[in-house]
Number of protein chains: 2
Amino acid sequence: MNLKDLAASLGLSQTTVSRALNGYPEVAQATRQRVLAAARAHNYSPNTRAKALATGRAMAIGHVIPLATSTELVNPVFADFIAGASETYMRHGYDIVLSVIGDDDEDRVYRDMAAKRMVDGVILQSPTTDDRRIALLRDLGLPFVVHGRATDLPDDYPYVDVNNRRAFKRATEFLIDLGHRRIALVNGRSQLGYAVRRQAGFVEGMAARGLTPDPDLLLADEMTEGYGHAAMRTLLARPDPPTAVLAASTIIAFGMRRAADDAGVRLGRDISLITYDDDLSYFRNGGAEAVFTALRSSVRMAGRRAAELLVDLIERPHDAAGLPRQDLLEAELIVGRSTGPAPSA
Amino acid sequence: MNLKDLAASLGLSQTTVSRALNGYPEVAQATRQRVLAAARAHNYSPNTRAKALATGRAMAIGHVIPLATSTELVNPVFADFIAGASETYMRHGYDIVLSVIGDDDEDRVYRDMAAKRMVDGVILQSPTTDDRRIALLRDLGLPFVVHGRATDLPDDYPYVDVNNRRAFKRATEFLIDLGHRRIALVNGRSQLGYAVRRQAGFVEGMAARGLTPDPDLLLADEMTEGYGHAAMRTLLARPDPPTAVLAASTIIAFGMRRAADDAGVRLGRDISLITYDDDLSYFRNGGAEAVFTALRSSVRMAGRRAAELLVDLIERPHDAAGLPRQDLLEAELIVGRSTGPAPSA
DNA sequence: AAGCACATTCAAAGCGCTTTGGTCAGCACA
DNA sequence: TGTGCTGACCAAAGCGCTTTGAATGTGCTT
């Protein structure tokens with residue numbers, strides 16, 4: 001059933017039917033009701049592609065999920081981020097077009113999306129320190145919102161990010177206040193913007209108390225459970241193991257916990273651990289009581305916010321008058337069972 | 001830059017340019033080269049929507065991610081499944097249109113996708129025991145492949161599934177052979193097809209050795225880490241705790257491991273655990289050596305296979321001559337460190 | 001030299017929608 | 001009676017592509 005058929009079945013023109021369905025005023029009330037009823041009865045729903053072609057609006061947003069090159073890993077945070085974003089999109093009638101792609105190929109994907117006009121805007125995930133994609137998207141004139149921030153570029157683009165620097169600084173100070181001096185950071189890959197900011201926050205927190213981090217205690221890699229396990233094992237095997245650790249994700253933290261258990265080391269007593277917690281739905285950090293002391297910021301909410309910014313950017317491109325729309329979320333520090341005073345030597 | 005402009009800039013008709021780009025034979029070699037070069041030079045890429053409208057093919061596949069109702073959880077399994085599927089789609093030029101939606105609303109989404117003609121086919125995830133969506137999609141005439149199977153319907157639709165029954169039967173027998181008699185099953189939500197099959201396999205395995213499972217040892221819920229933890233705690237708190245457990249996912253297994261650690265119970269010695277392992281990229285079950293004894297089947301590969309079936313179904317709908325295209329994958333039983341002989345009472 | 005097949009190219013219709021620029025009654029006003 | 005509105009509707013163009021049905025030019029046959 002298409003517009004033409006529907007119009008014919010009603011003895012009306014396509015114009016009138018289209019207007020009735022889209023809520024234009026120049027249609028008699030009675031006619032509108034009749035049209036609406038017929039549309040429902042015939043289960044009519046306008047052909048998205050035709051509509052998009054006619055209006056120039058795709059009513060779709062592109063999300064590009066980077067596969068960590070070579071390793072081909074897909075980070076579960078994207079699932080929650082998208083779930084959050086889709087809540088917003090649903091309210092506004094947008095669909096999600098997903099591309100999963102090796103991060104070396106991303107330029108091409110964005111270029112394609114722009115040239116093919118298949119989306120009205122895109123979300124840019126996991127920006128690297130000097131991400132080229134930001135300039136590319138600006139060039140292409142494709143509206144976009146970055147989830148996270150680059151570090152070596154001016155922050156003059158729309159983004160939603162967590163104040164990672166402040167969060168990690170605060171967590172570091174919290175540990176130092178508990179008496180810890182040797183603190184390790186088990187971070188994400190160092191070319192990622194947030195990894196850089198987390199390390200900066202950590203270093204700042206140490207410096208604020210007159211401490212300098214031991215470079216040997218700064219680890220960085222893809223944030224898998226296996227990596228957390230390996231990192232913890234390495235740290236515990238040192239002649240002078242740290243008394244506290246900061247982890248960049250709950251998944252890492254679970255791996256670290258497993259390594260600690262393997263070694264008979266108890267979290268919160270023998271070694272303290274604070275993790276960053278995206279509040280992943282299948283990986284909640286405890287229920288009533290937090291398992292890990294954690295910096296918590298829901299990535300799902302970030303998705304919701306990013307989508308809101310993007311939709312606004314698309315629907316009211318000029319409101320901003322050149323002002324970037326940005327949102328810097330603060331993480332909460334939640335005290336759980338994985339931290340305690342530094343063991344006296 | 002659109003076709004018209006490109007044609008004008010070359011002094012050719014749209015027809016010829018279109019044909020040159022799409023590889024039709026009736027174009028002179030020299031002309032084709034010229035067109036291709038110009039297209040590249042102008043970074044021309046055909047408007048997807050216009051193309052879709054003209055051809056009737058959307059070159060897109062719909063994936064519907066169910067949010068567990070009320071709980072609003074998004075299972076990370078989908079991330080890996082989609083990553084796998086997208087490898088296939090990429091090779092064939094399809095995009096993914098994603099809907100994340102409460103599972104009570106799914107009917108509407110599929111109906112919409114069909115009416116709006118925005119996708120050429122869909123993947124149906126996590127079918128329930130008597131899933132209505134299968135009949136719906138057949139009615140709508142929208143090509144689809146099911147990831148998993150219903151249990152109370154004839155298996156006469158295209159699907160990719162793991163032989164969960166056999167896998168769980170085998171794992172159960174493996175545990176019994178190690179001397180275990182009291183075995184628990186920590187399963188996914190019981191309305192899901194695979195949960196039913198896993199339980200069936202478990203019961204069969206027990207029966208094959210003349211045992212009947214204790215109904216109190218059959219637990220089922222959303223497969224989160226927290227649930228795994230709670231389930232294990234409950235089991236261990238019993239006066240007659242099981243000596244072995246089957247878990248329906250590594251995420252559950254990690255939660256169970258945590259609970260075991262909390263209680264000072266050691267896996268593989270005090271209690272044995274076999275888990276189903278989707279081989280999630282951020283959640284690998286160990287590296288060189290498996291952490292958990294596990295039934296492993298990569299969900300990513302399942303995604304790849306499902307996408308292949310679907311693309312084939314779309315592009316050659318009649319080859320099958322009514323035969324359903326189905327793929328039943330077998331899970332490997334991988335022996336790790338979480339199983340051992342039953343402790344002698 | 002006429003006729004024909006073949007290789008190239010093109011104009012125009014059509015996909016299903018929105019939107020511009022009308023038309024046509026009916027009514028009030030002078 | 002004629003003019004000007006206004007409310008309700010419609011025909012047709014246009015979005016950017018594919019595809020049908022012709023047209024054109026070329027070389028070969030007879």
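Note that the coordinates shown come from a computational prediction; the quantities given were computed from them, not determined experimentally. Quick note on labels: first sequence line is chain A, next is B, and so on, each numbered from 1.
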Using whole Å, report how far NZ of B/K4 lies from P of C/dC10. 16 Å
Please classify the nucleic acid contact of B/T15 as base, sugar-phosphate, or nothing, using heavy-atom distances under 4.0 Å. base
Identify, between A/G11 and B/T55, the residue whose nearest nucleotide on DNA chain D lies closer to the 5' end. A/G11
Quick one: salt bridge (charged side-chain N to carboxylate O under 4.0 Å, His left out) pairs with a partner in residues 17-32 of chain A, sequence neighbours left out? A/R19-A/E26
Do any pairs count as a salt bridge (charged side-chain N to carboxylate O under 4.0 Å, His left out) and have a residue in residues 46-55 of chain A, sequence neighbours left out, and if so which ones? none
Interface with DNA chain C, restricted to residues 112-122 of chain A and to heavy atoms under 4.0 Å: none
Quick check on contacts: within residues 42-54 of chain A, what sits under 4.0 Å from DNA chain C by heavy-atom distance? A/Y44, A/P46, A/N47, A/A50, A/K51, A/A54
Basic-acidic side-chain contact under 4.0 Å: B/R325, B/E308: no
What residues form a side-chain contact (heavy atoms from CB on, under 4.5 Å) with B/T31, not counting sequence neighbours? B/L12, B/T16, B/V27, B/A28, B/V35
Could you work out, with side-chain contact (heavy atoms from CB on, under 4.5 Å) as the rule, every residue matching A/R138, not counting sequence neighbours? A/I134, A/D156, A/Y157
Bend angle of the helix from C/dA1-D/dT30 to C/dA30-D/dT1 from five-pair axes at both ends, rounded to 10°? 70°
Of all residues at least two apart in sequence or in a different chain, which pass the ring-ring contact (aromatic ring centres under 6.0 Å, His included) check with B/Y89? B/H63
In sequence, state the C-alpha distance, the side-chain angles, and the governing distance for B/H147 and B/V145, and then conclude on side chain to side chain contact (heavy atoms under 4.5 Å, CB included). CA-CA 7 Å; B/H147 175 211; B/V145 168; over 6 Å; no
For A/V119 and A/G62, work out which heavy atoms get closest and say how close. CG1-N, 3.5 Å
For A/N43, all residues meeting side-chain contact (heavy atoms from CB on, under 4.5 Å), sequence neighbours excluded: B/R111
Among residues at least two apart in sequence or on other chains, which ones pass salt bridge (charged side-chain N to carboxylate O under 4.0 Å, His left out) with A/R304? A/E87
For B/S13 and C/dC10, is the shortest distance between a side-chain N/O and OP1 or OP2 below 4.0 Å? yes
List the atom of A/M113, the atom of A/S99, and the distance in Å for their closest heavy-atom pair. CE-OG, 3.7 Å
Note: contacts of residues 19-41 of chain A with DNA chain C (heavy atom, under 4.0 Å) are A/R19, A/N22, A/Y24
Before you tell me yes or no, could you show the steps for B/R133 and B/F144 under side chain to side chain contact (heavy atoms under 4.5 Å, CB included), namely the whole-Å CA-CA distance, both residues' side-chain angles and the distance that decides it to 0.1 Å? CA-CA 10 Å; B/R133 296 173 295 170; B/F144 68 99; over 6 Å; no
Walk along DNA chain D from 5' to 3' and tell me the first and last nucleotide with an atom closer than 4.0 Å to a non-hydrogen atom of chain A. D/dA8 to D/dG16
